[in-house]
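Here's the structure, in structure tokens; my notes come after.
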Amino acid sequence: MLKVLVVFGTRPEAIKMAPVVKELKKYPDLLDCKVAVSAQHREMLDQVLTLFKISPDYDLNIMQAKQDLFDVTSRVLTGFKKVFLAAKPDLVLVHGDTTTTFAASLAAFYLQIPLGHVEAGLRTRKKYAPFPEEINRTLTGVLADMHFAPTSTARDNLLREGVKKEDIFISGNTVIDALLDTIKPGYVFANELFNKLVYSPDKKRILLVTAHRRENWGEPLREIFFALKEISESYPEVEVVFPVHKNPAIRLEATKILNASPRIHLTEPLSYEPFVNLMAKSYLVLTDSGGLQEEAPSLGKPVLVMRHTTERPEAVAAGTARLVGTAQKNIVAETKALMEDGQKYQMMAEAINPYGDGQAAERIVKFILFRFNIIRMLPLEFCSKNVLKKYFSRKD
Ligand code: UD1
Ligand code: UDP
């Protein structure tokens, strides 16, 4: 029995690892799957655990108000030392680029436990953007033994860094698995305001907004918020829905600048199900989040990315996402263009799936079984030449 310990700590990791946990648990005779959370996030993590019915086997419960990177890194590193020693996993699986990811990977390395990295290989090649995620992801890649790259661009990044091609598997991004599982046509919201906005006969245009990146704290966030205010004042049909991240650095400023605007709705972080169903009904997404850049293209929603660089170039290349930076002037101009130029909007509203087809978790688990010689061959549908070329870097 292969003991796999799935490790995560924040909202996005939980959303993207939930399909992997579900898939690992389909093989109780072959795999012993356990879940360990750092709880770097608490409420925002628990929302996801509840939705996907995951009860962690280990919970470090480390979150503190206003924690800094040193707090999180040290508590995760020492916390997971004890968990890994107790659980004795054959494989630790981490996700993405958070400080939980990096510190848990370091703990696995110190104990010489094989490490699998899901959502590996995304890069901006800029040390401080996103901060500290770019370096968290790169260092996790250095420590990992198996790399699950969501796209061929991510695979190529890893190859350029000298990762052996037989250690890289192109899986697609598991966020698309989670998304496709959660979107429901005709979804009825528990929040009456959302039902009113979405199903209202007057043609409301919902702008869905999120913002939380560390490198945007301070002046860039203020610019973003003033841009939202200006947009909402310019278009009476626009309703901005902005579920505000729990981080006090963001809440304080968002409330100060936006609270008095009648058509800007600041809410608590939404559970994943209402959130993505609201995205599916939105006109436009404005965000600095990583995950939203992957989800919105699948739903045919244009995304204005309020950052200067992105480690997710595929949607930008395909034309559904645009990097607009954080200056108020630019955000307003780019939004206005999409409000007023129907042709431009339509060109960006093409539904594309550069990040996956909803079967990433299945691929990841099959690859793990294959890699540990639990299955000797991959299932037939993984073995045609074309599929191998698409999803494998290895030729066998
Ligand atoms: C973290 C990740 C970031 C990821 C983001 C997703 C790091 C360094 N940052 O950033 O990569 O994109 O999560 O959202 O790993 N808080 C709560 N309740 C919660 C969650 C957060 O109160 O459920 C508050 C706490 O005061 C906490 C603060 O938010 O101290 C910051 O949380 P933290 O995880 O350190 O940073 P994020 O900005 O959330
Ligand atoms: N999300 C959510 N509720 C919200 C805002 C976002 O469920 O109120 C989801 C979103 O669909 C995406 C993920 O959370 O899957 C993104 O998380 P976040 O923005 O915190 O982190 P990032 O993607 O930037 O790492």
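Atoms within a ligand are numbered from 1 in the order they appear, just like the ligands themselves. Source: prediction; values computed, not measured. Nothing fancy with the numbering, it's 1 onward along the sequence.
When Leu51, Val276, Leu270 are ranked by how near their heavy atoms come to atom 3 (N) of ligand 2, first place goes to Leu270. Between Gln40, Lys246, Gln64, it is Gln64 that holds the heavy atom closest to atom 27 (C) of ligand 1. Across the listed options Arg11, Gln293, His41, Glu295, Arg11 owns the non-hydrogen atom lying nearest to atom 18 (P) of ligand 2. When the options Ala296, Pro12, Pro243 are ranked by their closest heavy atom to atom 25 (O) of ligand 2, first place goes to Pro12.
Residue, atom and distance of the protein heavy atom nearest to atom 19 (C) of ligand 1 are Glu43 OE1, 3.4 Å. Looking only at protein heavy atoms, the nearest one to atom 4 (C) of ligand 1 is His212 CE1, 3.9 Å. Considering only non-hydrogen protein atoms, atom 36 (O) of ligand 1 sits nearest to Arg214 NH1, 3.4 Å. In this structure, atom 35 (O) of ligand 1 lies nearest to the protein heavy atom Gln67 NE2, 2.9 Å.
Residue contacts with ligand 1, taken as heavy atom pairs separated by less than 4.0 Å, involve Leu69 solely via side-chain atoms from C-beta onward. Contacts of Pro12 with ligand 1, taken as heavy-atom pairs under 4.0 Å, involve the side chain alone. Residue contacts with ligand 1, taken as heavy atom pairs separated by less than 4.0 Å, involve Met44 via backbone and side-chain atoms alike.
Aromatic ring pairs are classed by plane angle as parallel below 30°, tilted from 30° to 60° and perpendicular above 60°; the pair Phe169 and Phe367 is parallel. Ring geometry for Tyr128 against Phe131 counts as tilted: the plane angle lies between 30° and 60°, on a 0 to 90° scale. In this pair, Phe189 and Tyr199 present their aromatic rings tilted. The plane angle is within the 30 to 60° band.
For ligand 1 and Thr99, the ligand atoms under 4.0 Å from any heavy atom of the residue are 7 (C), 8 (C), 15 (O). The Arg42 neighbourhood of ligand 1 comprises atoms 19 (C), 23 (O), with distances under 4.0 Å to a heavy atom of that residue.
When each of Glu134, Glu311, Glu161 is paired with Arg125, the salt bridge (Lys or Arg N to Asp or Glu O under 4.0 Å) condition holds for Glu161 and for no other. Just one of Leu208, Val303, Ile183 meets the side chain to side chain contact (heavy atoms under 4.5 Å, CB included) condition when paired with Met279; it is Leu208.
At a 3.5 angstrom cut-off on N or O pairs, His245 counts as close to ligand 1. Taking only nitrogen or oxygen atoms, main chain and side chain alike, Trp217 does not reach within less than 3.5 Å of ligand 1. The distance criterion of under 3.5 Å between nitrogen or oxygen atoms is not met by Thr98 with respect to ligand 1.
The closest approach between a heavy atom of Glu294 and any atom of ligand 2 is not below 4.0 Å.
A distance of 16.0 Å separates CG of Asp32 from OH of Tyr27, quoted to the nearest 0.5 Å.
Under a 4.0 Å N-O distance rule, the pair Arg214/Asp288 does not qualify as a salt bridge.
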